[in-house]
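For reference, the structure is listed below as structure tokens.
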Number of protein chains: 2
Amino acid sequence: MTTNSSLISIQRSTDTKKKPPQDQLGFGIYYTDHMFVMDYSVGQGWHDPRIIPYQPLVLDPAAKVFHYGQTIFEGLKAYKTADDRIQLFRPRDNFQRMNRSNDRMSVPELDIDMAMAALEQLIAVDREWIPSLEGTSLYIRPFVIATQPTLGVAPSEHYQFIIIMSPVGAYYPEGINPVKIHVESDYVRAVPGGSGEAKTAGNYASALKSQQAAKEQGYTQVLWLDGKQHKYIEEVGSMNVFFKIGGTVYTPALTGSILHGITRDSVIRLLKHWGIPVEERMLAIDELYEAGRNGTLEEAFGTGTAAVISPIGEMNWNGEKLIIGEGKTGQLSKSVYDTLTGIQTGAVADPFGWTQQVEVIGK
Amino acid sequence: MTTNSSLISIQRSTDTKKKPPQDQLGFGIYYTDHMFVMDYSVGQGWHDPRIIPYQPLVLDPAAKVFHYGQTIFEGLKAYKTADDRIQLFRPRDNFQRMNRSNDRMSVPELDIDMAMAALEQLIAVDREWIPSLEGTSLYIRPFVIATQPTLGVAPSEHYQFIIIMSPVGAYYPEGINPVKIHVESDYVRAVPGGSGEAKTAGNYASALKSQQAAKEQGYTQVLWLDGKQHKYIEEVGSMNVFFKIGGTVYTPALTGSILHGITRDSVIRLLKHWGIPVEERMLAIDELYEAGRNGTLEEAFGTGTAAVISPIGEMNWNGEKLIIGEGKTGQLSKSVYDTLTGIQTGAVADPFGWTQQVEVIGK
Ligand SMILES: Cc1ncc(COP(=O)(O)O)c(C=O)c1O
Ligand SMILES: Cc1ncc(COP(=O)(O)O)c(C=O)c1O
């Protein structure tokens, strides 16, 4: 742990909550007993780092976050290993991405060592909340909100950086299973020059309408095309996306409107490590459909922290259905899933240095 | 007032705040003694409309507004007339636009009669806060936030609709004055299929970076070009924009990524009423510069609730400066400003039925 951690004050909760059963966790429904909070004001910088009992935020109704959406978030997980250690997966990459998002949204930079110290201490305090049932984990949500109560459209002079944590269930309680995806032809998630590369609230709000329409038609998620031509594949819901075509794995290049997924990066490196050809490039939706029709499209899957790997069994683009891999989970998808989740939970060796132990002093 | 108003409970503030001097109000800095709040939950719909003392919101840190930005806002003004009446300017249009924004962002619809009743009662309760000094007004900020404390990316099942009010100063304390505008060539505000037509937080957050860069170079605002080709003029900051070229007034057509400004609509109707030719059409930035070079560009101005009319005296597009109307406020800009503000404050007759009186019972 870094030296910064000594600056963090800790106020322990006196009435700890009852923990929900580990087979009924769901996603982002229950929260641990504590949270981390740190304030920012112009002139003073980030200050008063503290771990306090999980509690409501008390904010002026004019706080800028409610009106102009100046907010950033991250998502990562802590895992319990079979021998009872606690592991994080590439946590510094999350805080680095957070700082890139902060920069795009005119939010002040965070000290990454400080953020890491905060995270490790918070996990140590709430370590009993990390579930151990297969497939479960502790989902961690760091976020920044603009709190200055003024209505002028300008960057806030006050912020809070907060970390909350939620024990989450297995994404696939009955094992990894392919999903159906609706290709969105009208709505747009992001465009170069916009905020699509930042993990900021507005991107998610504007995606809801398309997502709901897809759900009503029986699809789990939406595949987004580029905002200029509605032609190139970008992402799937809150996941990056991969396609195995004729033995090569393709994923859309990071052209300025796609989130730089940490799982995406891990998959690319894992595939290269295995000697499987991977290409990051622009990939047109009609090219994909052509590969589907001529039988060279072998597998498709989404990647993200929540599900890790989400195989795609069916797509629908303007009414044309494409069944991928007979609607079953492909072999590569399964291997990547098993290896990544294995590394995350400590069941598989980590040759990449992706995992980081959380030391719990006095455990 | 509609019958609905009888449903609104009123809890009066016991310690009223000191009112700031009317010549030092600024914009969105001070708030009145009361606010309106109404809750929504799936199944129950909108319920518990209430006027309460202005107070902080108490929200779970997992409330969706902090993470996925599901929030809508509006902005309108109440004016004090010389004979001490209270006037609103096209308030139903604001709530109608709010409902269009709500629809885009998967937020439940509001009952417009209910919203109007809430607004009128709130104004009546805080009527002493409406400033009367020339150019001042009471700025009204209705907004909706998503409050459900779950981290799944899906529309919230709980919301709050809130109205806060702020006495605001004259936008031009020294009289109406032209601003300098920076034409943004890299960043993008909105694209068709995105959320640019909705008055939602994310649009404003992602605009901050470009705005800050322009400010540092001495420009007041940014002129946004379309997100696909970076060619067509869309808006200026939080204003729609008009250009007088060769006797005709042009404003960008509402092509799907531009906010449907109520001031914009009022200006178009006023100009038509005056017999001045107005055209809503796509307007390329190079076409505008060409008009500037050949001397046919006579005037340029932005339109919005905050400033009403904001004359543009200078533009900068990739380093090429364009001085408009010798950098002075044009005659048409001035006439439109005087007439609109005159109608708003009751100094000029309102042939359009735009103004609405707020009746204060027992005044
Ligand atoms: C829009 C979007 N794309 C992709 C991802 C995947 O990123 P990561 O693998 O870092 O979780 C996320 C977040 O999880 C996301 O929100
Ligand atoms: C992006 C944007 N464009 C234009 C306007 C002008 O709209 P209105 O005239 O209704 O105030 C606003 C709001 O004031 C705005 O936020």
Side-chain angles (χ1 to χ4, degrees), chain A residues 26-29 31 35 54-63 65-71 73 103-106 139 141 143 145 149-155 162 164 166 186-195 198 200-209 211-212 227-228 230 237-238, chain B residues 26-29 31 35 54-63 65-71 73 103-106 139 141 143 145 149-155 162 164 166 186-195 198 200-209 211-212 227-228 230 237-238:
Chain A
F27 181 82
I29 297 168
Y31 302 96
M35 63 201 273
Y54 188 92
Q55 62 192 264
L57 304 178
V58 179
L59 293 169
D60 195 289
V65 62
F66 299 127
H67 305 272
Y68 307 130
Q70 220 192 342
T71 170
F73 71 94
D103 177 62
R104 177 63 185 84
M105 308 312 285
S106 306
Y139 181 77
R141 171 57 58 93
F143 62 110
I145 53 172
T150 53
L151 297 180
V153 180
I162 299 165
I164 57 174
S166 169
D186 300 318
Y187 290 107
V188 168
R189 193 193 89 93
V191 73
S195 59
T200 185
N203 296 338
Y204 298 81
S206 69
L208 293 174
K209 194 167 165 100
Q211 244 177 55
Q212 284 309 99
K228 285 193 173 188
H230 295 230
S238 306
Chain B
F27 181 82
I29 297 168
Y31 303 95
M35 62 200 275
Y54 188 92
Q55 61 193 263
L57 303 178
V58 179
L59 293 168
D60 195 289
V65 62
F66 299 127
H67 305 272
Y68 307 130
Q70 219 193 342
T71 170
F73 72 93
D103 178 61
R104 177 64 185 84
M105 308 311 286
S106 306
Y139 181 78
R141 170 57 57 93
F143 63 109
I145 53 172
T150 54
L151 297 180
V153 180
I162 298 164
I164 57 175
S166 169
D186 300 317
Y187 290 107
V188 168
R189 193 194 88 93
V191 73
S195 59
T200 185
N203 295 338
Y204 298 81
S206 70
L208 293 174
K209 193 165 165 102
Q211 244 177 55
Q212 285 308 101
K228 286 193 173 189
H230 295 229
S238 305

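All chains are named by letter (A, B, ...) in the order of the sequence lines, taking the proteins before the strands, and each is independently numbered beginning at 1.
For the set B/Ala201, B/Ser195, B/Gly202, the entry with the most heavy-atom pairs within less than 4.5 Å of chain A is B/Ala201. With chain A as the partner, the residue from B/Leu59, B/Asn203, B/Ile29 showing the most heavy-atom pairs under 4.5 Å is B/Leu59. Among the candidates B/Ala205, B/Gly194, B/Gly26, B/Pro61, the residue making the largest number of heavy-atom pairs closer than 4.5 Å to chain A is B/Pro61. When each of B/Asp60, B/Thr71, B/Ile162 is checked for heavy-atom pairs under 4.5 Å with chain A, B/Asp60 comes out on top. For the options A/Arg141, A/Gln211, A/Gln70, heavy-atom pairs under 4.5 Å to chain B are most numerous at A/Arg141. Highest contact tally toward chain B, considering only A/Ala190, A/Ser238, A/Ala198, A/Pro149, is held by A/Pro149 [criterion: heavy-atom pairs under 4.5 Å].
Proximity to chain A (any heavy atom under 4.5 Å) is shown, for B/Thr150, by both the backbone and the side chain. With a 4.5 angstrom heavy-atom cutoff, A/Gln212 touches chain B only via side-chain atoms. Contact annotation for A/Phe143: only side-chain heavy atoms (C-beta onward) come within less than 4.5 Å of a heavy atom of chain B. Contact annotation for B/Val153: both backbone and side-chain heavy atoms come within less than 4.5 Å of a heavy atom of chain A. For B/Ser106, the part lying near chain A is the side chain, with the backbone staying farther off; criterion is any non-hydrogen pair under 4.5 Å. Using a 4.5 Å cut-off between heavy atoms, B/Tyr31 touches chain A through its side chain atoms alone. Residue contact with chain A, scored on non-hydrogen atoms closer than 4.5 Å, involves the side chain of B/Ile164 exclusively.
Here the shortest heavy-atom pairing between A/Gly227 and B/Lys228 reads O-CE, 3.6 Å. Residues A/Pro192 and B/Val188 come closest through the heavy atom pair O-CG2, 3.4 Å. Pairing each heavy atom of A/Pro155 with each of B/Leu208, the nearest pair is N-CD2, 3.9 Å.
Side chains of A/Leu57 and B/Leu57 form no contact here, defined as non-hydrogen atoms less than 4.5 Å apart.
The aromatic ring centroids of B/His67 and A/Tyr204 lie 6.0 Å or more from each other. If you look at A/Tyr68 and B/Phe73, their ring centroids are closer than 6.0 Å.
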